[in-house]
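Okay, structure first, notes after.
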Amino acid sequence: MSKVIAIANQKGGVGKTTTAINLAASLASLGQECLLIDMDPQGNATSGLGVNKNTLEKTLYDVLIDEVLLEDVLQDTAIDWLDVAPSNTNLSGAEIELVTMESRDKRLRMALDKFQKIYKYIIIDCPPSLGLLTINSLVAAGTVLIPMQCEFFALEGLGQLSKTIFALMQEYKLDLEGVLFTMFDSRTNLAAQVVEEVKKFFNDKIYDTRIPRTIKLAEAPSFGKPAILYDPNGKGAQTYLDLAKEFLSKQKGKDK
Ligand SMILES: Nc1ncnc2c1ncn2[C@@H]1O[C@H](COP(=O)(O)OP(=O)(O)OP(=O)(O)O)[C@@H](O)[C@H]1O
Ligand SMILES: [Mg+2]
């Protein structure tokens, strides 16, 4: 069975998609077969992996709404062992159409259940909202990875986060995979302060690996590449590789 991980935080722009792309690409480069599911109508994970989101015949929208098989929408990527289930703006319609559908919160899980191909890890990039697309992602997932940006607003958002994503995690019996600091600048006092505060909430669930702010990580998607292909020796690519290794070492304790 695949392990399904939702990358979620209702706050926008905290590094969900950057983490989904680069963690999946790093795991795949370490020989772990991965699928990235793009549950965001912005389609950033899709284009960030080099898939042209405007010329797709079928996308995740068709899987969720018309029960097209997941395997029929999958796209290869430039990384061996990594495929993507792509999305584009069509998916924003699903948020509305799902409301009146049967099993409206289980559509992604049903699609994964029917899906025969075995991946080791399925990583879901969630949108920055708590609508039905995120709820479908959480219902389909076993664990949640929460990226957090080290800025003042992260602290303000902490209480909010515990009331929302955490409420949903409890409702759907999801484990916390881990909390990841993104766009981290170790030189600032604020970053250190945020780390201390967040530790009070999450303690041992925080990854030791912290993703630095680097221009290459921000540039890579516009070339349709994960950092590991765009700038393989750069700090961003190497740190996401470290994260993948830390992630894998933590699985050993979790596997049955
Ligand atoms: N470590 C980093 N260093 C520099 N820039 C980064 C880093 N991580 C993310 N970014 C940039 O910050 C912006 C937001 O990142 P990203 O799209 O990954 O966040 P998100 O949480 O998926 O956003 P949304 O909520 O809109 O889906 C993007 O322009 C991205 O390129
Ligand atoms: Mg995103």
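Both ligands and their constituent atoms are indexed starting at 1 by order of listing.
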Counting C-beta onward and ignoring hydrogens, is there a side-chain heavy-atom pair between Leu36 and Leu49 closer than 4.5 Å?
yes
(Q) With a 4.0 Å cut-off on heavy atoms, is Pro212 in contact with ligand 1? (A) yes
Original post:
Are any non-hydrogen protein atoms located under 4.0 Å from atom 2 (C) of ligand 1?
Top reply: yes
The single option from Thr46, Asp125, Asn44 that satisfies side chain to side chain donor-acceptor pair (under 3.5 Å) with Thr17 is Asp125
In ligand 1, the atoms that come under 4.0 Å of a heavy atom of Gln42 are 24 (P), 26 (O), 27 (O)
Open item on the list: Under 4.0 Å from atom 29 (O) of ligand 1, is there at least one protein heavy atom?
Closed with: no
Ignoring waters, protein N/O/S atoms under 2.8 Å from the Mg ion (ligand 2) are Thr17 OG1
Are Ile21 and Tyr207 connected in a single hydrophobic cluster, I mean Ile/Leu/Val/Met/Phe/Trp/Tyr linked by side-chain heavy atoms less than 4.5 Å apart? yes
among protein heavy atoms, the one nearest atom 19 (O) of ligand 1 is Gly15 N, 3.0 Å
re atom 7 (C) of ligand 1, the protein heavy-atom contact at minimum distance is Met183 CG, 3.5 Å
How about Thr19 and Tyr240: does a side-chain donor come under 3.5 Å of a side-chain acceptor? yes
Looking only at protein heavy atoms, what sits closest to atom 17 (O) of ligand 1 is Thr17 CB, 4.0 Å
Ranked by distance from atom 20 (P) of ligand 1, the top protein heavy atom is Lys16 N, 3.5 Å
In ligand 1, the atoms that come under 4.0 Å of a heavy atom of Asp40 are 27 (O)
*Are side-chain N/O atoms of Tyr119 and Asp83 paired as donor and acceptor at under 3.5 Å?*
yes
Checklist line | More than 12 heavy atoms of other groups within 6.0 Å of Asn189 CG | finding: no
Worksheet item: Below 4.0 Å from any atom of ligand 1, is there a heavy atom belonging to Ile211?
Response: yes
Atom 5 (N) of ligand 1: closest protein heavy atom, distance to 0.1 Å, is Ala218 CB, 3.6 Å
Within 4.0 Å of some non-hydrogen atom of Gly12, the atoms of ligand 1 are 25 (O)
Within 4.0 Å of some non-hydrogen atom of Leu217, the atoms of ligand 1 are 1 (N), 2 (C)
for atom 4 (C) of ligand 1, nearest protein heavy atom and its distance come out as Thr214 O, 3.1 Å
- Pair Gln149-Thr182, side-chain donor/acceptor within less than 3.5 Å: no
Exercise. Can you tell me if Gln251 and Tyr121 form a side-chain donor-acceptor pair at under 3.5 Å?
Worked result: no
If we number the atoms of ligand 1 from 1 as shown, the ones under 4.0 Å from a heavy atom of Val14 are 19 (O), 20 (P), 21 (O)
Ranked by distance from atom 24 (P) of ligand 1, the top protein heavy atom is Gly13 N, 3.5 Å
Self-check item: Ser129 side chain near Glu95 side chain, heavy-atom distance below 4.5 Å
Solution: yes
For Thr18, the ligand 1 atoms with a heavy-atom partner under 4.0 Å come out as 8 (N), 9 (C), 15 (O), 16 (P), 18 (O), 30 (C)
Checklist entry - Do Met148 and Leu130 share a hydrophobic cluster, counting only Ile, Leu, Val, Met, Phe, Trp and Tyr and linking them when any side-chain heavy atoms are less than 4.5 Å apart? => result yes
